[in-house]
Amino acid sequence: MIDQKTKEKYAELALRTGVNLQKGQALLINAPIEGADFTRIVVRKAYELGAKDVHVSWVDDELTLLKYEHAAEEVFATYPEWSVKMQESFATNGGAVLSIRSTNPDLLENIDPNRIATANKAAAQALTNFRRYIMNDKITWSIISIPTGDWAQKIFPDDSREGAIEKLWQAIAKIVRVDQDDPIAAWETLNNTLKIAREALNERNYDKLIFKGPGTDLEIGLPKGHIWKGGSAQSEKGIPFNPNMPTEEVFTVPHKYQVNGTVASTKPLNYGGSVIDRFSLTFKDGKVIDFKAEQGEETLKHLLETDEGARRLGEVALVPDESPISQSGLIFYNTLFDENASCHIALGKAYPTNLEGGASLNEKELDAHGVNDSLVHVDFMIGSNKLSIDGVKTDGTIEAVFRNGTWAFDIS
Ligand code: ZN
Ligand code: ZN
């Protein structure tokens with residue numbers, strides 16, 4: 001049984017290594033109502049660490065579904081202004097944001113994809129300013145997950161609800177290393193490994209990467225001045241924090257006009273409550289010109305039609321196949337976990353911080369450097385033990401970066 005002590009360790013890890021909460025700082029928590037017990041532990045520990053004020057914004061899957069089923073069409077075209085103001089006020093006052101994401105992957109499977117697309121777009125538009133605080137690391141923020149019943153049963157369909165929740169707790173505890181005596185020290189080791197990998201890639205400074213695997217033959221150009229990041233990040237005020245728990249990736253910005261070829265997904269993607277699976281995208285000069293999906297093609301189409309930037313890439317990330325998430329053999333239907341099991345790329349907005357000086361550039365300047373902008377940022381998985389990646393330098397030299405899904409050079 002997952003014990004109280006492990007949950008306490010997880011809460012402390014999220015606050016110290018995750019958002020790195022400072023004395024006197026306010027904290028905004030987005031949490032599933034089903035996880036109220038765990039959330040209360042986090043809140044208590046936050047006050048113990050000196051939080052000024054902690055606000056919890058509860059997420060209730062059942063209420064979300066009721067709204068999608070019954071609210072009038074026009075409700076989905078707007079996002080509540082009070083919610084934008086609430087979130088922005090935490091950000092502008094230097095608060096930290098901790099999001100606990102545990103949504104049922106199939107929650108909206110019977111809802112008209114049009115409604116979902118309209119709602120996603122309205123939320124993204126309304127939160128443009130708030131998102132800048134997050135994507136430019138102006139504040140410290142972190143995303144974690146805890147088990148909830150429907151989600152756990154999606155992963156372990158043959159177990160009872162309680163049994164599935166328990167199994168998912170065990171899996172998550174191992175992956176985020178709270179099963180270890182000193183999880184905070186374990187994360188220091190992990191952050192150090194990711195630092196070695198990103199520094200190796202920054203030093204090699206590739207002009208482009210070539211991905212090859214079943215159904216995949218894709219060339220991704222990298223902008224001049226691109227920076228590989230991974231593990232611990234740093235806020236504008238110089239506070240180190242971990243944006244994602246778990247994390248196993250190093251990532252950078254692809255050139256929005258220099259992506260060519262076809263890429264096949266290797267894991268299902270849970271996009272805003274519906275699943276897109278076994279899909280492929282074909283790019284020309286950075287833009288998706290063709291796509292197909294065995295499941296969720298309509299949802300994929302809506303995603304690609306969100307705006308101009310939704311058809312271009314905003315992230316390329318490398319994750320070796322020996323990642324503990326990959327080794328768990330589970331499909332989580334939750335991007336936070338699945339993206340850290342596998343090499344992935346993202347459609348939509350790029351992180352400006354992945355370009356030298358990028359955080360201070362405006363949208364036009366970012367575009368001139370090949371950095372994509374969009375209302376969306378959606379990661380999907382393209383890695384497997386059959387994936388190989390070559391790095392091409394500006395002088396044309398080709399080096400092996402990944403072979404059989406893992407590092408081709410020594411990163412220890
Ligand atoms: Zn990523
Ligand atoms: Zn991403």
Side-chain angles (χ1 to χ4, degrees), residues 18-22 25-30 55 57 78-99 101 119-143 223 225-230 232-244 247 249 251-256 272 303 306-317 335-336 339 346-379:
V19 295
N20 196 358
L21 189 72
Q22 305 291 299
Q25 198 181 14
L27 175 66
L28 169 63
I29 303 177
N30 300 300
H55 175 77
S57 195
T78 54
Y79 185 86
E81 207 182 310
W82 60 264
S83 181
V84 176
K85 281 191 178 149
M86 186 274 284
Q87 296 179 72
E88 282 184 6
S89 89
F90 271 90
T92 53
N93 291 306
V97 181
L98 176 67
S99 294
R101 282 199 197 152
N120 285 340
K121 191 167 176 176
Q125 269 164 344
L127 295 170
T128 299
N129 189 33
F130 176 72
R131 197 169 49 245
R132 244 176 238 135
Y133 282 86
I134 301 287
M135 292 194 78
N136 288 332
D137 292 344
K138 283 175 173 292
I139 56 171
T140 67
W141 56 280
S142 194
I143 306 173
H226 70 270
I227 302 169
W228 287 90
K229 298 199 148 207
S232 170
Q234 229 178 54
S235 77
E236 206 174 51
K237 285 187 179 149
I239 308 289
F241 69 102
N242 270 276
N244 286 186
T247 188
E249 64 173 333
F251 63 99
T252 192
V253 52
H255 196 293
K256 68 182 277 192
L303 165 59
T306 308
D307 56 20
E308 176 66 23
R311 286 190 168 246
R312 296 183 186 272
L313 294 185
E315 179 186 336
V316 53
T335 300
L336 177 61
E339 76 165 341
L347 289 166
K349 187 169 173 60
Y351 290 91
T353 48
N354 277 126
L355 187 82
E356 267 170 48
S360 57
L361 299 183
N362 65 31
E363 264 136 50
K364 219 175 146 192
E365 291 165 330
L366 286 169
D367 176 74
H369 283 88
V371 179
N372 196 28
D373 189 31
S374 170
L375 291 171
V376 295
H377 174 98
V378 181
D379 300 275

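Every heavy atom of this structure was used, including side-chain atoms; hydrogens, water molecules and symmetry mates were not. Just so we're clear, the structure is a prediction, and the values are computed from it rather than from any experiment.
Note that CG of Asn372 is 13.0 Å distant from CZ of Arg311, once rounded to the nearest 0.5 Å. Atom OH of Tyr351 is separated from atom CE of Met135 by 4.5 Å, given to the nearest 0.5 angstrom. If you take NZ on Lys349 and CZ on Arg132, they are separated by 7.0 Å, rounding to the nearest 0.5 Å. Residue Leu355 holds its CG atom at 7.0 Å from CG of Leu366, rounded to the nearest 0.5 Å. Atom CD1 of residue Ile29 and atom CG of residue Leu98 lie 5.5 Å apart, to the nearest 0.5 angstrom. For the atom pair OG (Ser142) and CZ (Phe241), the distance works out to 8.5 Å, reported to the nearest 0.5 Å.
Taking 4.5 Å as the limit, every side-chain heavy atom of Phe251 sits out of range of all side-chain heavy atoms of Asp379. Side chains of Thr252 and Val316 form a contact here, defined as non-hydrogen atoms less than 4.5 Å apart. By the 4.5 Å heavy-atom criterion applied to side chains, Leu336 and Asn244 are counted as neighbours. In this structure, the side chains of Leu28 and Met86 come closer than 4.5 Å at one or more pairs of heavy atoms. A 4.5 Å side-chain heavy-atom check between Thr306 and Asn120 finds every atom pair outside the cut-off. The shortest side-chain heavy-atom distance between Gln125 and Leu375 falls under the 4.5 Å cut-off. Annotation: side chain of Lys237 is not in contact with side chain of Gln22 (no heavy-atom distance under 4.5 Å). Thr247 has its side chain within reach of Asn242: a pair of non-hydrogen atoms, C-beta onward, lies under 4.5 Å apart.
When all heavy atoms are compared, the tightest approach of Pro240 to Ser232 is CB-OG, 3.8 Å. Shown here for Val253 and Pro223, the closest heavy-atom pair between the two residues is O-CD, 3.0 Å. The shortest heavy-atom contact between Lys256 and Arg312 is O-NH1, 3.0 Å. In this structure, Gly94 and Gln25 approach most closely via the heavy-atom pair O-NE2, 3.0 Å. Closest non-hydrogen pair, Ile139 versus Ile134, comes out as CD1-CD1, 4.1 Å. Here the shortest heavy-atom pairing between His377 and Gly314 reads CE1-O, 4.4 Å.
Looking at Glu365, its side chain does come within 3.5 Å of a backbone N or O of Asn362 through a donor-acceptor pair. Looking only at distances, a side-chain donor or acceptor of Arg131 sits under 3.5 Å from a matching main-chain atom of Ala124. Side chain of Ser99 to main chain of Arg101: no donor-acceptor pair is present (N/O by atom type, distance under 3.5 Å, no hydrogens or angles). Of the possible polar contacts, none joining the Asn93 side chain to the Gly95 backbone as a donor-acceptor pair under 3.5 Å is found.
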- Query: Where do Val376 and Leu303 land on the side-chain contact (heavy atoms from CB on, under 4.5 Å) test, with the steps shown first?
  - Reply: CA-CA 8 Å; Val376 295; Leu303 165 59; 4.1 Å; yes
- Starting from the C-alpha separation in whole Å, work towards a yes-or-no answer on side-chain contact (heavy atoms from CB on, under 4.5 Å) for Asn354 and Lys229. CA-CA 7 Å; Asn354 277 126; Lys229 298 199 148 207; 3.4 Å; yes
